Structure formats: structure tokens, C-alpha cells
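Below: one structure, written as C-alpha cells.
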Amino acid sequence: MAYNLLKGKRGIIFGALNDASIAWKVAERCVEEGASIVLSNTEMALRMGELNTLSEKLNAPVVAADATNYDDLENVFTKAQELLGGKIDFVLHSIGMSPNVRKRRTYDDLDYRWLNQTLDISAISFHKMMQAAKKLDAIAEYGSIVALTYIASERIIFGYNDMADAKSLLESITRSFGYVYGKDKHVRVNAISQSPTPTTAGKGIKNIDEMFDFSDKMSPLGNATANECADYCVTLFSDLTRKVTMQTLYHDGGYSSMGLSMDVMKKYSDEFTEE
């Protein structure tokens, strides 16, 4: 059901790859709610993924960009304003990748060149994105910028590795840039701490299936899906949340408040009984 929450608004969605991507679902929901959007991802992602299919479906132009390249980001914000006919009202940063995770390097045996890539792609790109937008004055007053994060930023989640460090940095940037952007331009900056979600990137994490199952059993409402995350993003892009900023907002079915659930206790009790 659409509520026209984003009617007349303009947005940029970074990071959609295929229909398993949270960014893909967000793009679809934003257009359903009346927004006009531009899609952006790397040249490689455009070749490997299905972004052109989404572009055609939503009548949303694509502007290729490496989110770690400042000049590319300036180009995205400049072209997006030209294509959409005005300043941008909302931006989604759905970008994350760790070569160490992909190569199964343990946390006490990181390749530091890859760690730098992890931080640059998954967190510093968020700062670059906002710095480019702010210097170009590309975001409308009370615009909304949202990044996706995960609770491993503050708790140890086995297998998440150096991505946990990247998410911690991402959330710090959310607060720090949120203050500056809010004070100077009334632009909101928030992060959504999402349940583990079986995206293409997420599937690269060691033991993701076990992580997904545990989180689902721990959360009283169960894991939040990609579609439900898209709904939440829409609320943060809308005018209904004009005074929400600098927050890491949990969208995880209650997982972040839990210590031990009945389902998890029962699972372990059953296993011990069987032994």
C-alpha cells in the first residue's frame, strides 16, 4: 500500500545490485511512494548486476560511480540534480564490502591493505558522499541521508570480522556529520541497524545461515526483511521524521534489547537433552 509519503521528492539510491539487495527494495518503495530517483553503483556492479533492469522498471536513470572516489560522487550529485530537476531530498548509502571477509581471513590475521579497503568502501565513502553533497549544496533543507549498519558495530558477532570496525566508524560518521549538516543546512543523517539479511553481500559472511537463524529465534518479532527495511527507510526519507537525526535506529525485531529468548533456550535445552 502506498501513502504518497515521498510525493514530489527526489532521491539517490546507492548500492542496488540485484533484487536481493536492500537498496533495490528501497528504490522500488520510494518510487511507489511518489519519488523520482537516480540509481548509482560502480561500473563493475553495473556489468555484473541487474541494475539496468531496475532502471527500466522504475524509469530511474543510472549514474555510475565508485563511492570511494570523491570526483565520482561530485558527478553523481551534479548529474542527479540535472536529471531530476532540483535539489536532492534523500540519499541511501547501502554500500559495504570486506576483502578479508571474502577471503576468510580471521580478525587476528587481517591483510591491512584489505582492511583499508574495507573501511574506505564501507564507511569512509559515507563521509565522502556527504562532504561532496554539502560542498555542492545538493541536498534540500530538511533532506534525509540514511546509511545501513549492523549491531556488530557494538557487539561481537562471530564471522563479521573487520566489517564490524567499518560499521562502528560508519555510525560515528553518522553522528559527527549529522551534527555539522544539521546545524548548517538542516539535513538529517541517520543509520538503520538492520537484522541480518540474505543479500548478495551478506551471503559472503561466514556462518550467515546460523547467524540468521539465531537472530530470528532471539527476536520477539523475528528478523526484519529487506522489504520491511525499505518501508522504514521511506519513513526516514519522509517529512514525518523531520527532527530525527544523528541516530542509529534499530530495525531488528527487538534483537538489540534481548539477552536470551525462550526459543533459543529451548533449542539448546533440546540439544543437551538429546545428548
Side-chain angles (χ1 to χ4, degrees), residues 5-6 9-15 22-23 26-27 29-30 35 37-38 40 65 67-68 70 72-74 76-78 80-81 86-96 118-155 163-195 224 229-252 256-257:
L5 290 177
L6 303 181
K9 291 189 180 295
R10 309 174 184 94
I12 304 175
I13 305 296
F14 287 91
I22 293 175
V26 174
R29 284 293 291 119
C30 288
I37 64 170
V38 163
S40 185
T68 67
Y70 188 82
D72 279 8
L73 292 169
E74 281 194 328
V76 172
F77 283 104
T78 299
Q81 290 180 87
K87 289 188 178 184
I88 306 304
D89 296 293
F90 62 87
V91 177
L92 176 72
H93 178 284
S94 181
I95 301 168
T118 300
L119 297 176
D120 198 17
I121 294 168
S122 307
I124 298 172
S125 63
F126 192 42
H127 191 287
K128 291 177 181 178
M129 189 179 291
M130 290 189 285
Q131 182 165 303
K134 188 171 185 291
K135 288 191 174 182
L136 291 169
D137 194 22
I139 308 296
E141 187 176 28
Y142 286 103
S144 176
I145 302 174
V146 172
L148 298 182
T149 186
Y150 181 51
I151 201 170
S153 62
E154 59 184 85
R155 300 184 190 178
M163 275 298 296
D165 298 328
K167 293 302 187 184
S168 294
L169 177 56
L170 181 79
E171 292 174 19
S172 179
I173 291 169
T174 297
R175 293 186 293 272
S176 297
F177 220 117
Y179 171 76
V180 174
Y181 226 155
K183 191 73 174 173
D184 293 349
K185 297 289 183 179
H186 292 156
V187 172
R188 299 167 279 154
V189 183
N190 294 290
I192 294 176
S193 186
Q194 168 71 3
S195 298
C229 185
D231 289 338
Y232 196 27
C233 286
V234 165
T235 68
L236 290 175
F237 294 152
S238 78
D239 292 335
L240 299 178
T241 52
R242 285 166 65 89
K243 293 298 174 68
V244 180
T245 193
M246 301 167 62
Q247 303 299 307
T248 295
L249 301 162
Y250 296 103
H251 186 250
D252 59 8
S256 51
S257 293

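The basis for the numbers below is simple: all heavy atoms, side chains too, and nothing from hydrogens, waters or symmetry mates. Model, not experiment: these values are computed from the prediction.
- Taking the ring-ring contact (aromatic ring centres under 6.0 Å, His included) definition, one finds that Tyr142 meets it with His186, sequence neighbours left out.
- Between atom CG of residue Asp165 and atom CG of residue Leu169 there is a gap of 9.0 Å, rounded to the nearest 0.5 Å.
- Leu240 CG to Arg242 CZ: the interatomic distance, rounded to the nearest 0.5 Å, is 10.5 Å.
- Using a 4.5 Å heavy-atom threshold, the side chains of Met129 and Ile95 count as touching.
- When all heavy atoms are compared, the tightest approach of Val26 to Cys233 is CG2-SG, 3.9 Å.
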TODO: Before giving the answer on side chain to side chain contact (heavy atoms under 4.5 Å, CB included), spell out for Val91 and Phe14 the whole-Å C-alpha distance, their side-chain angles and the decisive distance to 0.1 Å.
DONE: CA-CA 8 Å; Val91 177; Phe14 287 91; 3.8 Å; yes
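- The closest side-chain heavy-atom distance from Leu148 to Leu92 is below 4.5 Å.
- Here the side chains of Tyr232 and Val146 are not in contact, with every heavy-atom distance at 4.5 Å or above.
- The structure places CG of Leu170 at 8.5 Å from OG of Ser153, a figure rounded to the nearest 0.5 Å.
- Residues satisfying the side-chain contact (heavy atoms from CB on, under 4.5 Å) criterion with Leu136, sequence neighbours excluded, are Glu74, Phe77, Thr78, Ala138.
- Residues forming a side-chain contact (heavy atoms from CB on, under 4.5 Å) with Asp120 (at least two apart in sequence, or on another chain): Thr68, Ile124, Lys128.
- Once rounded to the nearest 0.5 Å, the distance linking CG of Leu236 with CG of Asp231 reads 11.5 Å.
- The side-chain contact (heavy atoms from CB on, under 4.5 Å) test applied to Ala35 returns Leu6, Cys30, Ile37, Phe90, not counting sequence neighbours.
- A search for salt bridge (charged side-chain N to carboxylate O under 4.0 Å, His left out) contacts involving Lys9 returns Asp239, not counting sequence neighbours.
- Between the side chain of Asn190 and the backbone N or O of Val244 there is at least one donor-acceptor pair closer than 3.5 Å.
- From Ile22, atom CD1 reaches atom SG of Cys229 across 4.5 Å, with rounding to the nearest 0.5 Å.
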TODO: Evaluate side chain to side chain contact (heavy atoms under 4.5 Å, CB included) for Met130 paired with Val180, printing each intermediate quantity in order.
DONE: CA-CA 10 Å; Met130 290 189 285; Val180 174; over 6 Å; no
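- Separation of atoms CG (Leu119) and OG (Ser125) is listed at 10.5 Å; rounding is to 0.5 Å.
- When all heavy atoms of Gly15 and Ala23 are compared, the closest pair comes out as C-CB, 3.7 Å.
- Looking at residues two or more places apart in sequence or on another chain, you find no side-chain hydrogen bond (donor to acceptor under 3.5 Å, both in side chains) involving His127.
- Closest non-hydrogen pair, Ala166 versus Ser122, comes out as CB-CB, 3.7 Å.
- Between the side chain of Ser195 and the backbone N or O of Ala224 there is at least one donor-acceptor pair closer than 3.5 Å.
- Counting only heavy atoms from C-beta outward, the side chains of Ile145 and Phe177 never approach each other to under 4.5 Å.
- Taking the ring-ring contact (aromatic ring centres under 6.0 Å, His included) definition, one finds that Phe126 meets it with His93, sequence neighbours left out.
- Residues forming a side-chain contact (heavy atoms from CB on, under 4.5 Å) with Ser172 (at least two apart in sequence, or on another chain): Arg175, Ser176.
- Not counting sequence neighbours, Arg10 has no partner by the side-chain hydrogen bond (donor to acceptor under 3.5 Å, both in side chains) test.
- The minimum heavy-atom distance between Ala80 and Ile88, with the atom names listed, is CB-CD1, 4.0 Å.
- Applying the side-chain hydrogen bond (donor to acceptor under 3.5 Å, both in side chains) test to Glu154 and every residue at least two apart in sequence or in another chain returns Tyr250.
- Residues in residues 132-151 take part in these salt bridge (Lys or Arg N to Asp or Glu O under 4.0 Å) pairs, two or more places apart or across chains: Lys87-Asp137, Lys134-Asp184, Asp137-Lys185.
- The one candidate from Ile192, Thr174, Thr248 that meets the side-chain contact (heavy atoms from CB on, under 4.5 Å) condition with Thr149 is Thr248.
- Remark: the backbone N or O of Thr235 is paired with a side-chain donor or acceptor of Thr241 at under 3.5 angstrom.
- The side-chain hydrogen bond (donor to acceptor under 3.5 Å, both in side chains) test applied to Ser168 returns no partner, not counting sequence neighbours.
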